[in-house]
Amino acid sequence: MINLAKLVSFFRSGGKISRFPPLLNRRVFKFLAICYALSAGCLLFSDYQLKIWQDQDVRFHFHERDEKIVRTISPLVKSDIDHFHKSIGFSPRIETKIVIAPDEDYYRNLMTDFQGIIEFSQAFYSPAEQMIYIRSLRSLKDFQTIRKILLHEYIHLFIDEVFYNAPLWFHEGMAVFFSYDLTYDKELLYAKDFVFGNTQTIIEMSENYPTGYMRWNPFYTKSALAVKYLYSGYRNEFFDLWQYHEDKVNFHQAFVNAFKMTIPQFSHLLEEHLSKRFRIEIIFAFSSLLWGFLPLILLAGWVRKKIVNRQIKQRWERDYLSASNHVMESSKPELPEIPHRLGE
């Protein structure tokens, strides 16, 4: 992100660059001024002067009209971060910088250098700047939504501070699971994707997001299920994963040291676990579906029985009428023959 204060100071000083000759200074200054005016002039001359609010290690950059919201949400965000640290048994001090976009145009300008899934997100973390950017708080639903989004992005920053080369599935799995975004509905949707083969292994999910909107939900859900499996089934080992934090460490080596297995071995174990689990859940879901349709089945059976009984009754009535007519015809007395008159 461009530091507007430094840039304005640079312009006011005449744009002097000490390591260039004076003539080149002016040319470089003009070139930079033209490029900046074309690419970010709206930011330079806008009315947005971002204020700063510091709460221990969390620093917010925001427009003055959002100050009341920031003061309200700041202790909540700090509490969420502390709770996350306690959940994993590791509480480092990480400087967290959060930029709150004053409006949607500001946020879109921030996303110009990013592509793909970020375009559809409410916030994103920039590893190069170690900065979290979030949409205008006025465009989001409520404080609970804002807290969940900011915790999700903080966890990306957290992992980036502890490990280098952490795979994408671990990044997103930690962020989704520990921001409480792994819901039962999402697991059911994943079960459907699992049945139709619309999933990947975590080895395939290490570096890139899947192409196509329809594959994003299974990607995020499976990542969270992988972390949930580690956290629930290997709790002590999961805590050990964070003990290599004197310096940023290799994730794969830390994973082997903590869990005593490689990522490919864990991938195979996870596939077996999820296959067994979702086969059982699919059976239960199918059974529940049958129980749900049972009243309709009984109603359909009752209606069919009524129809069949009506048809039988109508057939009986027809047979009865036919038999009655036959009896009446057969019971009629025969008229005697009239004798011929004499002479005829």
Side-chain angles (χ1 to χ4, degrees), residues 88 111 114-127 148-149 151-160 162-234 237-238 241 250-256 258-286:
I88 66 171
M111 291 193 299
F114 296 87
Q115 297 178 350
I117 200 167
I118 286 181
E119 297 176 6
F120 303 93
S121 66
Q122 304 295 338
F124 65 93
Y125 162 65
S126 171
K148 184 178 291 188
I149 292 171
L151 180 59
H152 181 111
E153 300 305 328
Y154 170 79
I155 293 172
H156 286 307
L157 167 64
F158 170 84
I159 294 172
D160 211 38
V162 178
F163 301 114
Y164 61 86
N165 73 346
L168 189 56
W169 67 264
F170 188 77
H171 259 284
E172 294 298 349
M174 287 285 296
V176 171
F177 179 67
F178 283 103
S179 65
Y180 305 99
D181 204 24
L182 180 62
T183 63
Y184 182 68
D185 291 341
K186 290 182 179 180
E187 292 194 42
L188 285 181
L189 286 175
Y190 179 81
K192 181 198 70 174
D193 292 316
F194 173 80
V195 171
F196 290 103
N198 189 27
T199 62
Q200 298 174 295
T201 66
I202 59 171
I203 303 299
E204 299 170 312
M205 297 160 55
S206 296
E207 296 182 0
N208 300 308
Y209 290 100
T211 56
Y213 173 79
M214 297 300 294
R215 305 191 73 180
W216 291 353
N217 179 71
F219 178 88
Y220 281 105
T221 303
K222 185 165 188 175
S223 298
L225 287 171
V227 171
K228 179 181 180 180
Y229 183 53
L230 289 173
Y231 187 71
S232 302
Y234 301 87
E237 292 83 351
F238 191 88
L241 181 64
N250 184 300
F251 173 82
H252 297 273
Q253 187 59 51
F255 189 92
V256 171
F259 294 101
K260 305 299 185 290
M261 58 181 164
T262 63
I263 299 294
Q265 289 172 332
F266 170 63
S267 177
H268 179 72
L269 192 65
L270 178 66
E271 292 301 317
E272 289 185 346
H273 167 72
L274 293 180
S275 297
K276 183 184 299 183
R277 174 184 169 181
F278 284 114
R279 275 199 297 266
I280 295 172
E281 288 197 5
I282 289 168
I283 292 173
F284 280 129
F286 184 71

Is it true that F251 and F170 have ring centroids separated by less than 6.0 Å?
yes
Measure the CG-CD distance between L274 and E187 for me, rounded to the nearest 0.5 Å.
9.5 Å
Shortest non-hydrogen contact between A226 and F266, atoms and distance:
O-CZ, 3.7 Å
Distance (rounded to the nearest 0.5 Å) between I202 CD1 and L269 CG:
9.5 Å
Determine the minimum heavy-atom distance between H156 and Y125, stating which atoms define it.
CB-CD2, 3.9 Å
Answer yes or no: are there more than 12 heavy-atom neighbours, outside H273 itself, under 6.0 Å from its atom NE2?
yes
Would Y164 and N250 satisfy side-chain contact (heavy atoms from CB on, under 4.5 Å), going step by step from the backbone distance to the final call?
CA-CA 6 Å; Y164 61 86; N250 184 300; 3.7 Å; yes
Do L189 and T221 come within less than 4.5 Å of each other through their side chains, counting heavy atoms only?
no
Is a salt bridge present between E172 and K222, judged by a nitrogen-to-oxygen distance below 4.0 Å?
no
Under 30°, 30 to 60°, or over 60°: which ring-plane class applies to F255 and W169, parallel, tilted or perpendicular?
perpendicular
Heavy-atom closest pair, residues T201 and S267
CB-OG, 3.9 Å
With distance as the sole test, does S275 use its side chain to make a donor-acceptor pair with the main-chain N or O of E272 at under 3.5 Å?
no
Mind checking the CG-CZ spacing from L241 to F163? Nearest 0.5 Å is all I need.
4.0 Å
Can you tell me how far CD of E271 sits from OG1 of T199, rounded to the nearest 0.5 angstrom?
6.5 Å
Any chance you could measure L270, atom CG, to H268, atom NE2, to the nearest 0.5 Å?
11.0 Å
Decide side-chain contact (heavy atoms from CB on, under 4.5 Å) for F177 and I155; before the verdict, give the C-alpha distance in whole Å, the side-chain angles of both, and the deciding distance to 0.1 Å.
CA-CA 10 Å; F177 179 67; I155 293 172; over 6 Å; no
Residue pair L182 / Y190, side-chain heavy-atom distance below 4.5 Å:
no
Please round to the nearest 0.5 Å and tell me the distance separating atom CD of Q122 and atom CD of E153.
10.5 Å
Is the F238 ring parallel, tilted or perpendicular to the Y231 ring (thresholds 30°, 60°)?
perpendicular
Could you check whether the rings of F158 and Y154 sit parallel, tilted or perpendicular, using 30° and 60° as the cut-offs?
tilted
Does the side-chain contact (heavy atoms from CB on, under 4.5 Å) test come out yes or no for F178 and L151, once each step is laid out?
CA-CA 8 Å; F178 283 103; L151 180 59; 5.7 Å; no
The test is side-chain contact (heavy atoms from CB on, under 4.5 Å); show your working for V176 and H152 and say whether it passes.
CA-CA 7 Å; V176 171; H152 181 111; 3.8 Å; yes
Salt bridge (Lys or Arg N to Asp or Glu O under 4.0 Å) contacts in which one or both residues fall within residues 204-221, not counting sequence neighbours
none
Test item: S223 side-chain N/O and F219 main-chain N/O as donor-acceptor pair under 3.5 Å:
yes
Do M261 and E237 have side chains that approach each other closer than 4.5 Å (heavy atoms only, starting at C-beta)?
no
